[in-house]
Trainee: 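Have a look at the structure that comes next, please.
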Amino acid sequence: QVRLVESGGGSVQAGGSLRLACPASGYGYSNKCMGWFRQAPGEEREGVAAIYSTDASTLSTYYVDSVKGRFTISQDNAKNTVYLQMNSLRPEDTAMYYCAGKFGPCGKWRPENFGAWGQGTQVTVSS
């Protein structure tokens with residue numbers, strides 16, 4: 001049974017950093033796509049970053065344009081945990097952040113393509 005539990009959210013000032021973590025219980029370390037999504041009040045859920053790994057090596061990473069150069073998605077195979085390092089945070093990054101997983105490649109990594117979700121962790125960035 002897949003179980004995803006996010007941690008690492010919090011409140012920071014603009015320009016600060018946070019690192020989110022998501023242990024991927026129930027997934028093996030290979031042939032899965034793990035994604036980070038976010039949803040602000042009144043907004044649709046959007047993909048932030050995704051990572052596809054196979055055979056214990058990272059194959060591909062994906063980012064939405066607004067976070068490129070600021071956020072980094074990574075995976076620790078030994079801990080079977082996916083991370084989202086968020087630097088140079090902006091007020092517009094404020095949202096609930098969710099970890100999600102699916103078997104196989106990421107494809108277009110839309111929320112509707114992911115079958116497993118965590119409960120979310122709040123990120124608030126003040127100006």
Trainee: Taking side chain as C-beta onward, heavy atoms only, is Leu84 less than 4.5 Å from Thr72?
Mentor: no
Trainee: Does Arg45 make a cation-pi contact with Phe37, if we ask for NZ or CZ under 6.0 Å from the ring centre and within 45° of the axis?
Mentor: no
Trainee: More than 12 heavy atoms of other residues, nucleotides or ligands under 6.0 Å from CD of Glu112: yes or no?
Mentor: yes
Trainee: Under a single-linkage definition using a 4.5 Å side-chain heavy-atom cutoff for Ile, Leu, Val, Met, Phe, Trp and Tyr, are Val82 and Leu18 assigned to the same hydrophobic cluster?
Mentor: yes
Trainee: Is the number of heavy atoms from other residues, nucleotides or ligands under 6.0 Å of Gln119 CD greater than 12?
Mentor: yes
Trainee: Heavy atoms only: give me the nearest Thr121-Gly9 pair and the separation to one decimal.
Mentor: OG1-N, 3.1 Å
Trainee: Can you list the residues that meet the side-chain hydrogen bond (donor to acceptor under 3.5 Å, both in side chains) rule with Tyr52, with sequence neighbours excluded?
Mentor: Asn31
Trainee: Applying salt bridge (Lys or Arg N to Asp or Glu O under 4.0 Å), can you list everything that pairs with Lys68, at least two apart in sequence or on another chain?
Mentor: Asp65
Trainee: Can you give each donor-acceptor pair under 3.5 Å made by side-chain atoms of residues 92-101, sequence neighbours left out, with the distance rounded to 0.1 Å?
Mentor:
from	atom 1	to	atom 2	distance (Å)
Asp93	OD1	Arg38	NH1	2.9
Asp93	OD1	Arg70	NH2	3.1
Asp93	OD2	Arg70	NH1	2.8
Asp93	OD2	Arg70	NH2	3.4
Asp93	OD2	Arg90	N	2.8
Thr94	OG1	Pro91	O	2.9
Thr94	OG1	Val125	N	2.8
Thr94	OG1	Val125	O	3.3
Tyr97	OH	Arg38	NH1	2.9
Tyr97	OH	Asp93	O	2.6

Trainee: Sequence neighbours excluded, which residues qualify as side-chain hydrogen bond (donor to acceptor under 3.5 Å, both in side chains) partners of Arg3?
Mentor: none
Trainee: What heavy-atom pair brings Ala21 and Thr81 nearest, and what distance separates the two atoms?
Mentor: CB-CG2, 4.2 Å
Trainee: Could you tell me which non-hydrogen atom of Asn113 sits nearest to which non-hydrogen atom of Lys102, and how far apart they are?
Mentor: O-CE, 3.4 Å
Trainee: Transitively linked via ILVMFWY side-chain contacts under 4.5 Å: Val48 with Leu89?
Mentor: yes
Trainee: Once you round to the nearest 0.5 Å, how far does CD1 of Ile51 lie from OG of Ser74?
Mentor: 6.5 Å
Trainee: Are Glu6 and Leu20 side-chain neighbours, meaning at least one heavy-atom pair lies under 4.5 Å?
Mentor: no
Trainee: Evaluate the side-chain proximity of Phe103 to Cys33: yes if any heavy-atom separation is below 4.5 Å, no if none is.
Mentor: no
Trainee: Ala24: which residues meet the side chain to side chain contact (heavy atoms under 4.5 Å, CB included) condition with it, sequence neighbours left out?
Mentor: Leu4, Tyr27, Lys32, Met34, Asn80
Trainee: Of all residues at least two apart in sequence or in a different chain, which pass the side-chain hydrogen bond (donor to acceptor under 3.5 Å, both in side chains) check with Asn87?
Mentor: Ser17, Gln85
Trainee: Roughly how far, to the nearest 0.5 Å, is CH2 of Trp36 from OH of Tyr63?
Mentor: 12.5 Å
Trainee: Could you check whether any side-chain heavy atom of Phe71 comes within less than 4.5 Å of a side-chain heavy atom of Val64, counting everything from C-beta outward?
Mentor: no
Trainee: For the residue pair Phe114 and Trp109, is the inter-centroid distance of their aromatic rings smaller than 6.0 Å?
Mentor: no
Trainee: Hey, mind stepping through Gln75 and Ser53 against side chain to side chain donor-acceptor pair (under 3.5 Å) and telling me if it holds?
Mentor: CA-CA 9 Å; Gln75 177 172 296; Ser53 58; 3.1 Å; yes
